[in-house]
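A note on names: the letters A, B, ... follow the listed sequences, proteins ahead of strands, and every chain is numbered from 1.
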Number of protein chains: 2
Amino acid sequence: MSYVLNNGPRPVAPETRARVEDAIAKLGYRPNAIASALRGGTTRSIGLLLPDPRNPYYAELAQAIEQQFSERGYLVLTGSTYYSRILEEQYRESFIARKVDGLIVSSGVSLAHEQALGLGEQPVLVLDDAPESVNVSSIAPQNHDDAAAAVEHLQRHGHRMIGCIGGLAYLSTESAHIAGWRNQQIAAGAPAGDELVSFADPSEAGGNAAAQLLLSDHGRPWALHGHRPSALFVSSDVQAVGAIFACYELGLRVPEDIAIVSMGGTKTAAFTIPPLTSMRQDIQFIARLAASHLLDRVVDASANTLRRRLRGNLVIGHSCGC
Amino acid sequence: MSYVLNNGPRPVAPETRARVEDAIAKLGYRPNAIASALRGGTTRSIGLLLPDPRNPYYAELAQAIEQQFSERGYLVLTGSTYYSRILEEQYRESFIARKVDGLIVSSGVSLAHEQALGLGEQPVLVLDDAPESVNVSSIAPQNHDDAAAAVEHLQRHGHRMIGCIGGLAYLSTESAHIAGWRNQQIAAGAPAGDELVSFADPSEAGGNAAAQLLLSDHGRPWALHGHRPSALFVSSDVQAVGAIFACYELGLRVPEDIAIVSMGGTKTAAFTIPPLTSMRQDIQFIARLAASHLLDRVVDASANTLRRRLRGNLVIGHSCGC
DNA sequence: GTGAAAGCGCTAACAT
DNA sequence: ATGTTAGCGCTTTCAC
């Protein structure tokens, strides 16, 4: 009987309970969550859309979010979108069809264009700058200002020619990073031309390739300025790992020849050689906030959406020259 | 009507089909996968149990497996167990209750003890040494022999005193790695005592701590042998990252002062400084084999289980001295 | 080629 | 305090 398993909404005599539990054990009964979900209207699951589990930033985010929801009795279904609009929509449809109770999207590509269009009735939380729109909550880093602060730190060390390694150009996070770099450079009267910017795959290999382009004596910075940048602002920790490796291959010392600052602040950043100076997002905090807010909206569909921007925190390593 | 959406098992007149598709668009109809699963008996989902998404080895494994199943129209539900038996069992119950069509377990803790006990009717695939038992397939690295081969490579470079950094001692993979190291050392007449072994958390921090223990002049190797090991065999790439970092902190050069070889062969290993020599598992191959085999068993419940051992492939970097 | 209806395993609202 | 049953939204069998 349903009431015994769920400590049901109505009382059960201890003798009956024992009898039922007996039968459960004897028959090897397993509850069927599918049937329960169909009837009860809740799956106790939420969908999480992330670009790539191999990027340590998203790996940490996934683990933190999973932990938060798991503690609250929810299962997190994770879909990897690889920055592809098609995959993102496929997973979104799949999650909605599976009746997740809520949806969290990080670095989403398509949501910006058609928020309301195909969203289903579930509450949605975006972990980026989200377009103004009803029924979509957002928790986002202050990408522009954080990037500017990171660049400013390099400027304080005396650097003027600071190269910039970005991720995929069409992501709002990336354009905000680049804008932060550019505005901070302009504010300091330092060079901010496109020859100093290189977009690349958000991976070690991508960061490596981009750094090669910016630092080698065949690169465009050298061609236009007669020398290489003395510092790099890198849009993610993974790419920074690749950038440090590029310096190693080119025989450039970090930070003596090239200073590096990156965005992310993952655990990975603490174990590079030298340790990275990195703009840290408090992922645990984001995850806690995300879980408690989204579940509030799950429970009470009329609850207000949330719009929150979080400032990062520059963790000082040795890669900046400090 | 059901037949139009599924190109159903029975034909539909084009005129009817159009009429139905019209209604679908007009009413904003979304299929309910829950109801479909309850009726149809298949959820088109499989459960994946991994210890930790932040470990790049499991991140790569997760992405490869997800991709394989996604291509075949299956959703992968991932649960992170953090090497905890309790979490592992919770997720297993949750997956079974949700009627996954199959289950993949990597680095499982509890499965060894009670395979058949609570498994549900779904086919199970273990990505480790699995105990002999019906209805459990397994695809496993040749942990012992691969470890021995890695150690032998260090011996070929002339190293005799080779330290060993292991992961969590109670995992079968780990005991196999340690045994491989020990047997290879004994075969070469080289030291293989417990003072050269350090177990640690499978993370950068864990590898760092373990390496400090083995390499510092307060460490037990030094106390017993009067000098530090000249090389380290490390059980995972993440730990090797931490070990390299420890060398950096101790002022030891890799590979001149300390040579390092690790197990894993992840992408991470290619971007350390210097690049790691690492025993690579072909994760893409494992994922393909896992998906095709498991789905065979999903489709035909009477299909044979699979028991496969895969030999690793030593990828030469610079950390070994080559 | 199409319509109608049974039933998957639960939960909650009806009974008693 | 317990027994019984309608119905969640699909798929599939049965009847036409």
inquiry  = Go nucleotide by nucleotide along DNA chain C from the 5' end; which of E15(B) and A35(B) gets its closest nucleotide reached first?
reply    = E15(B)

query = Is N6(A) near enough to dT11(C) that one of its side-chain N or O atoms lies under 4.0 angstrom from OP1 or OP2?
reply = yes

query = Counting distance only, does the side-chain N/O of R44(B) pair as donor-acceptor with the main-chain N or O of Y74(B) below 3.5 Å?
reply = no

message = As a test of reading the structure: which of dG1(C), dT11(C), dA1(D) is closest to the side chain of T16(B), going by heavy atoms?
response = dG1(C)

message = What is the distance, to the nearest angstrom, from the CD1 atom on I96(B) to the P atom on dG9(C)?
response = 16 Å

task = Would you confirm whether D237(B), through its side chain, and G265(B), through its main-chain N or O, come within 3.5 Å as a donor-acceptor pair?
result = yes

query = What's the closest nucleotide to the A13(B) side chain, out of dG1(C), dA1(D), dC10(C)?
reply = dG1(C)

message = Tell me the interatomic distance from R17(A), atom CZ, to dA1(D), atom C1', rounded to whole angstroms.
response = 13 Å

ask   = Can you check whether S36(B) has a side-chain N or O nearer than 4.0 Å to OP1 or OP2 of dT11(D)?
value = yes

ask   = Have Q63(A) and Y82(B) got a donor and an acceptor in their side chains that come within less than 3.5 Å?
value = yes

R98(B) CZ - dC8(C) C1' separation (whole Å) = 18 Å

request  = Check whether any side-chain N or O of R307(B) sits under 3.5 Å from a backbone N or O of V136(B) as a donor-acceptor pair, and report yes or no.
outcome  = yes

message = Can you tell me which nucleotide in dT11(C), dA1(D), dT2(C) comes closest to the side chain of R39(A)?
response = dT11(C)

ask   = Which whole-number value in Å describes the distance from K99(B) NZ to dC10(C) P?
value = 7 Å

key: Gap between atoms CD1 and C1', on I34(A) and dT11(C) respectively (whole Å)   = 15 Å

remark   = Rounded to whole Å, CG of L27(B) lies from P of dG9(D) at a distance of 14 Å

message = Is it true that S235(A) and E174(A) share a donor-acceptor pair across their side chains at a distance under 3.5 Å?
response = yes

ask   = Under 3.5 Å, is there an N or O donor on one side and an acceptor on the other linking the side chain of Y3(A) and the base of dA12(C)?
value = yes

message = Rounded to whole Å, how long is the line connecting atom CG of L5(B) with atom P of dT12(D)?
response = 13 Å

query = Given atom CG of N7(A) and atom C1' of dT11(C), what is their separation to the nearest angstrom?
reply = 15 Å

key: Candidates dG1(C), dC10(D), dA1(D) - which lies nearest the side chain of P11(B)   = dG1(C)

